[in-house]
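Below you will find the structure I want to go over with you.
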Amino acid sequence: MTSILGAELAQRGVAPDCIRTIELVRDVLARVGDKWTLLTITALASGPLRFTALHEQVAGVSQRMLGQTLRALNRDGLVTRTAYPEVPPRVVYALTPLGRSLSEAVGGLVHWVRDHQSDIVRNRDEFDRTSTANNATPPRA
C-alpha cells in the first residue's frame, strides 16, 4: 500500500528506497515526538516497571493511552512486555537496547531544553509582548 506522501515523492522521481526511508523517518519522528512516548521512555529509563507503577510515573496519561503507547513502542521494538503466569497476572515493561539508545538521544534533548529554558522563556515572552502590541495597534486606513 502506497501512502499519499510516497505517491507524491514517486511522482517527483524520488527513488523507491529513498521514499521508504523518508516515510519511516516521518513515522518514527511522529512516534518519538508524541508526549506520552517521551514520558514513557523516560520513566522506563530507570528500569523495568509494571503497568500500574508506570501509570503512576507518567502523570496525566489515561490507562487506555498508556496501553496504546506501550503497544506501539513494543511493535517498534523499543519496549518489551513480559507477562508472568501468576495469579494475579504480572506484566512488566522494559526498554530494549534500541529503546535505551532512544532514551539516551531523548536525554540529550531534555538536557538541551534545561540548558536553554531561560532563553526560550525570554524569547516567548518577548514575542508575546511584541505580538500583543502589534495586534493592539489599529490598522492604517
Side-chain angles (χ1 to χ4, degrees), residues 1-140:
M1 175 179 252
T2 305
S3 72
I4 294 171
L5 172 65
E8 183 179 318
L9 291 172
Q11 196 172 31
R12 293 182 188 176
V14 176
D17 58 329
C18 291
I19 292 172
R20 284 190 296 277
T21 300
I22 291 167
E23 289 176 325
L24 182 59
V25 167
R26 287 185 71 169
D27 186 49
V28 169
L29 287 176
R31 166 101 55 249
V32 173
D34 174 75
K35 107 175 160 180
W36 301 124
T37 295
L38 287 178
L39 293 172
T40 301
I41 293 288
T42 302
L44 288 171
S46 59
L49 293 170
R50 292 178 70 169
F51 184 90
T52 304
L54 185 56
H55 184 251
E56 289 170 0
Q57 287 196 23
V58 181
V61 70
S62 67
Q63 288 185 356
R64 179 177 177 265
M65 184 55 67
L66 180 57
Q68 288 177 350
T69 300
L70 288 166
R71 275 189 294 283
L73 292 172
N74 185 251
R75 179 176 182 245
D76 287 345
L78 300 169
V79 169
T80 59
R81 179 187 186 275
T82 306
Y84 296 92
E86 302 172 351
V87 178
R90 179 171 56 107
V91 178
V92 176
Y93 295 91
L95 293 178
T96 64
L98 186 62
R100 281 193 295 280
S101 70
L102 174 59
S103 176
E104 292 169 8
V106 167
L109 179 60
V110 169
H111 284 82
W112 182 89
V113 171
R114 286 181 187 154
D115 290 346
H116 294 48
Q117 65 186 5
S118 60
D119 297 327
I120 294 168
V121 169
R122 184 179 63 253
N123 289 330
R124 286 179 176 181
D125 289 345
E126 177 63 27
F127 180 89
D128 292 346
R129 276 194 303 278
T130 304
S131 179
T132 302
N134 289 340
N135 289 337
T137 306
R140 295 182 183 186

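Worth saying up front: this structure is predicted, and the values here are computed from it rather than measured.
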Option among Leu44, Thr40, Thr80 that satisfies the side chain to side chain contact (heavy atoms under 4.5 Å, CB included) test with Tyr93: Leu44
Min side-chain heavy-atom separation Ile41-Leu102 under 4.5 Å: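 A side-chain contact under 4.5 Å exists here.
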Please name the pair of heavy atoms, one in Val14 and one in Cys18, separated by the smallest distance, quoted to 0.1 Å.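 Heavy-atom minimum between the residues: CG1-CB, 3.7 Å.
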Backbone N or O of Leu78 within a donor-acceptor pair of the Thr96 side chain at under 3.5 Å? yes
What's the shortest heavy-atom distance between Leu95 and Arg100, and which atoms?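 Between these two residues, the closest heavy atoms are O-NH1, 3.0 Å.
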Pick from Leu38, Asn74, Thr37: which one makes a side chain to side chain contact (heavy atoms under 4.5 Å, CB included) with Thr69?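 Exactly one pass, corresponding to Thr37.
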Under 6.0 Å from the CD atom of Glu86, do we count more than 12 heavy atoms belonging to anything else shown? yes
List the atom of Val58, the atom of Ala43, and the distance in Å for their closest heavy-atom pair.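 Looks like CG2-CB, 4.2 Å.
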Minimum side-chain heavy-atom gap Val121-Ser118 below 4.5 Å: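 No, every pair of side-chain atoms sits at 4.5 Å or beyond.
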Is there any salt bridge (charged side-chain N to carboxylate O under 4.0 Å, His left out) pair reaching into residues 27-45, and which pairs are they, with sequence neighbours excluded?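 Checked against salt bridge (charged side-chain N to carboxylate O under 4.0 Å, His left out) - neighbours excluded - the pairs reaching residues 27-45 are Arg31-Asp76.
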In terms of heavy-atom contacts, Val92 and Pro48 come closest through CG1-CB, 3.5 Å
Arg81: which of Leu73, Leu70, Val91 passes side chain to side chain contact (heavy atoms under 4.5 Å, CB included): Val91
Distance (rounded to the nearest 0.5 Å) between Thr52 OG1 and Gln57 CD: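 Separation between the atoms: 12.0 Å.
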Not counting sequence neighbours, which residues clear side chain to side chain contact (heavy atoms under 4.5 Å, CB included) with Arg129? List them please. Asp125, Glu126
Salt bridge (charged side-chain N to carboxylate O under 4.0 Å, His left out) pairs, two or more places apart, involving residues 11-22: Glu8-Arg12
Tell me whether Gln63 contacts the main-chain N or O of His55 through its side chain, where contact means a donor paired with an acceptor under 3.5 Å.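 Between the backbone of His55 and the side chain of Gln63 there is no qualifying donor-acceptor contact (under 3.5 Å).
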Could you tell me the separation between the CG atom of Asp128 and the CG atom of Asn123, rounded to the nearest 0.5 Å?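 Answer for the CG-CG pair, Asp128 versus Asn123, is 10.5 Å.
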Counting distance only, does the side-chain N/O of His111 pair as donor-acceptor with the main-chain N or O of Gly107 below 3.5 Å? yes
Quick one: CD1 on Ile22 to CG on Leu9, what's the gap to the nearest 0.5 Å?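 If I round to the nearest 0.5 Å, the distance is 5.0 Å.
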